[in-house]
Amino acid sequence: MSIRSEHLNDADKVDLDVVGFLNATEEVRRLEKALADARASADKFAAAMDTQSGEARGRLGRLAAHLGVKEQSLKNQRQRAKHHQAQPDA
């Protein structure tokens, strides 16, 4: 791997521990962004899902049981997404 940075000296750039640390840190950043994107997507779907009509009644409880979370967590997720949808994009 080639590391280019005005902040690192030549010894830093060839030290395998430094290179490994930088690679791992970059992977963490990538995964955190992917996680944030996935959470936003899940929130969007949670807000849009039908929970009141016909066979949809009780859906949040069934989903919560399936995911092993409290139903209130899913209600909060739906509210959070609805709140974000109501705010205009900046």
Side-chain angles (χ1 to χ4, degrees):
M1 174 189 168
S2 172
I3 298 176
R4 297 182 317 170
S5 175
E6 64 277 4
H7 302 289
L8 302 177
N9 65 27
D10 290 339
D12 295 335
K13 295 175 187 178
V14 297
D15 185 314
L16 294 180
D17 292 329
V18 171
V19 172
F21 171 75
L22 292 174
N23 287 338
T25 301
E26 217 28 63
E27 179 70 0
V28 167
R29 288 179 179 161
R30 184 190 69 74
L31 291 170
E32 285 174 338
K33 180 176 182 341
L35 178 58
D37 292 347
R39 281 187 172 142
S41 179
D43 288 354
K44 177 183 163 190
F45 285 116
M49 106 177 54
D50 179 18
T51 61
Q52 297 302 314
S53 66
E55 290 190 20
R57 291 191 198 287
R59 180 170 279 163
L60 288 182
R62 293 189 302 273
L63 286 170
H66 176 76
L67 295 171
V69 299
K70 294 182 179 181
E71 186 174 342
Q72 188 61 47
S73 295
L74 297 180
K75 289 178 180 178
N76 292 345
Q77 185 176 14
R78 287 169 53 82
Q79 289 301 323
R80 180 173 58 243
K82 288 178 181 180
H83 175 73
H84 286 275
Q85 289 173 351
Q87 293 179 344
D89 292 334

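Given the structure is predicted, the values throughout are model-derived calculations rather than measurements. Just so it is clear, the values below take in all heavy atoms, side chains as well, and ignore hydrogens, waters and symmetry mates.
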Show the nearest heavy-atom pair for residues Asp12 and His7, with the distance to one decimal. OD2-O, 4.5 Å
Search all heavy atoms of Lys13 against all heavy atoms of Leu8 and return the closest pair with its distance. CE-O, 3.4 Å
How long is the span from the OG1 atom in Thr51 to the CZ atom in Arg78, to the nearest 0.5 Å? 4.0 Å
Once you round to the nearest 0.5 Å, how far does NZ of Lys75 lie from CD of Gln79? 10.0 Å
Set of residues satisfying side chain to side chain contact (heavy atoms under 4.5 Å, CB included) with respect to [X], sequence neighbours excluded:
X     : value
Ala64 : Val69, Glu71, Leu74
Asp15 : Asp17, Val18
Glu26 : Arg29

Residues in salt bridge (Lys or Arg N to Asp or Glu O under 4.0 Å) with Asp37, at least two apart? Lys33
Test of understanding: with salt bridge (Lys or Arg N to Asp or Glu O under 4.0 Å), list the residues that count as partners of Glu27, not counting sequence neighbours. Arg30
Between Met49 and Leu67, is there shared hydrophobic-cluster membership here, with clusters defined by ILVMFWY side-chain heavy atoms closer than 4.5 Å? yes
Has Lys70 got more than 12 heavy atoms of other residues, nucleotides or ligands less than 6.0 Å from its NZ? no
In terms of heavy-atom contacts, does CG of Leu16 have more than 12 from other residues, nucleotides or ligands at under 6.0 Å? no
Does anything in residues 52-66 pair up under side chain to side chain donor-acceptor pair (under 3.5 Å), and if so which pairs, sequence neighbours excluded? Asp50-Ser53
